[in-house]
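What follows is a short report on a single structure.
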Amino acid sequence: MINNQFVLNFPDNWKESTVYTFEGPEDSGVQHNLVLMIERDIDKKADLEAYVASRIEHLGQALPSFELLSKKASIISDCQAVEIVYTYTPGTIQLFQKQYYIHKVPAIFLFTATFIKKTLRTLEPEIDAIVHSLNTID
């Protein structure tokens with residue numbers, strides 16, 4: 001998928017912080033999605049592990065019943081990456097999220113996919129394939 005391109009001019013004190021949301025299938029009353037945020041102007045020497053650790057700490061403070069289930073280093077699109085899976089319960093339904101942190105200097109691409117327990121097994125391979133298809137334009 002290639003998005004439509006456009007140009008806007010902003011003063012220097014404005015920062016671009018676009019969030020892309022892609023809707024997946026609905027299952028068991030849950031609308032699955034994949035969200036992409038791009039954090040720009042990340043220092044070349046930035047430590048991805050430290051960045052992810054700070055995000056995990058924030059998630060732990062912000063999400064009810066947060067529990068980190070896994071964390072692993074990987075390579076996605078020839079870039080250093082970290083993948084985490086966690087669960088939290090915002091209401092009556094326990095949700096699972098998988099995040100992919102991809103460090104493509106000078107940015108970090110952060111994908112977040114939302115699942116229920118059943119679809120973590122069934123949709124995760126599809127989401128992995130989508131994320132691993134990332135092709136950045138230099």
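Values in this document were obtained by computation on a predicted structure and should not be read as measured data. Note that the numbering runs from 1 along the sequence shown for the chain.
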task = Please identify each residue that fulfils side-chain contact (heavy atoms from CB on, under 4.5 Å) with Pro11, with sequence neighbours left out.
result =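 Testing Pro11 for side-chain contact (heavy atoms from CB on, under 4.5 Å), a comparison that skips the adjacent residues, returns Asn13, Trp14.
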
Under the salt bridge (charged side-chain N to carboxylate O under 4.0 Å, His left out) test, residues paired with [X] that sit two or more places apart:
| X | result |
| --- | --- |
| Glu124 | Lys98 |
| Arg55 | none |
| Glu49 | Lys71 |

query = Who pairs with Tyr86 by ring-ring contact (aromatic ring centres under 6.0 Å, His included), at least two apart in sequence or on another chain?
reply =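 Expected list: Phe66.
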
Tell me, do [X] and [Y] make a side-chain contact under 4.5 Å, heavy atoms counted?
| X | Y | answer |
| --- | --- | --- |
| Tyr101 | Leu48 | yes |
| Lys104 | Ser77 | no |
| Ile38 | Ile108 | no |
| Ile127 | Phe111 | no |
| Leu110 | Leu36 | no |
| Gln97 | Val85 | no |

request  = Measure from the side-chain N and O atoms of His32 to the backbone N and O of Val30, and report whether any donor-acceptor pair falls under 3.5 Å.
outcome  =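 Such a contact is found between His32 side chain and Val30 backbone.
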
Test item: Ser70 side-chain N/O and Ile84 main-chain N/O as donor-acceptor pair under 3.5 Å =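 Checking the backbone N and O of Ile84 against the side chain of Ser70, no donor-acceptor pair under 3.5 Å is found.
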
task = For side-chain contact (heavy atoms from CB on, under 4.5 Å), just list the numbers for Leu95 and Thr89, CA-CA rounded to whole Å, side-chain angles, deciding distance to a tenth of an Å, and then say yes or no.
result = CA-CA 6 Å; Leu95 296 177; Thr89 309; over 6 Å; no

request  = Just grab all the salt bridge (Lys or Arg N to Asp or Glu O under 4.0 Å) pairs involving residues 6-15, residues at least two apart or on different chains.
outcome  =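 Salt bridge (Lys or Arg N to Asp or Glu O under 4.0 Å) check on residues 6-15 returns no pairs.
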
query = Do you know which of Thr114, Leu123, Thr21, Ile130 makes side chain to side chain contact (heavy atoms under 4.5 Å, CB included) with Leu34?
reply =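 Testing Leu34 for a side chain to side chain contact (heavy atoms under 4.5 Å, CB included) against Thr114, Leu123, Thr21, Ile130 leaves exactly one candidate, Ile130.
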
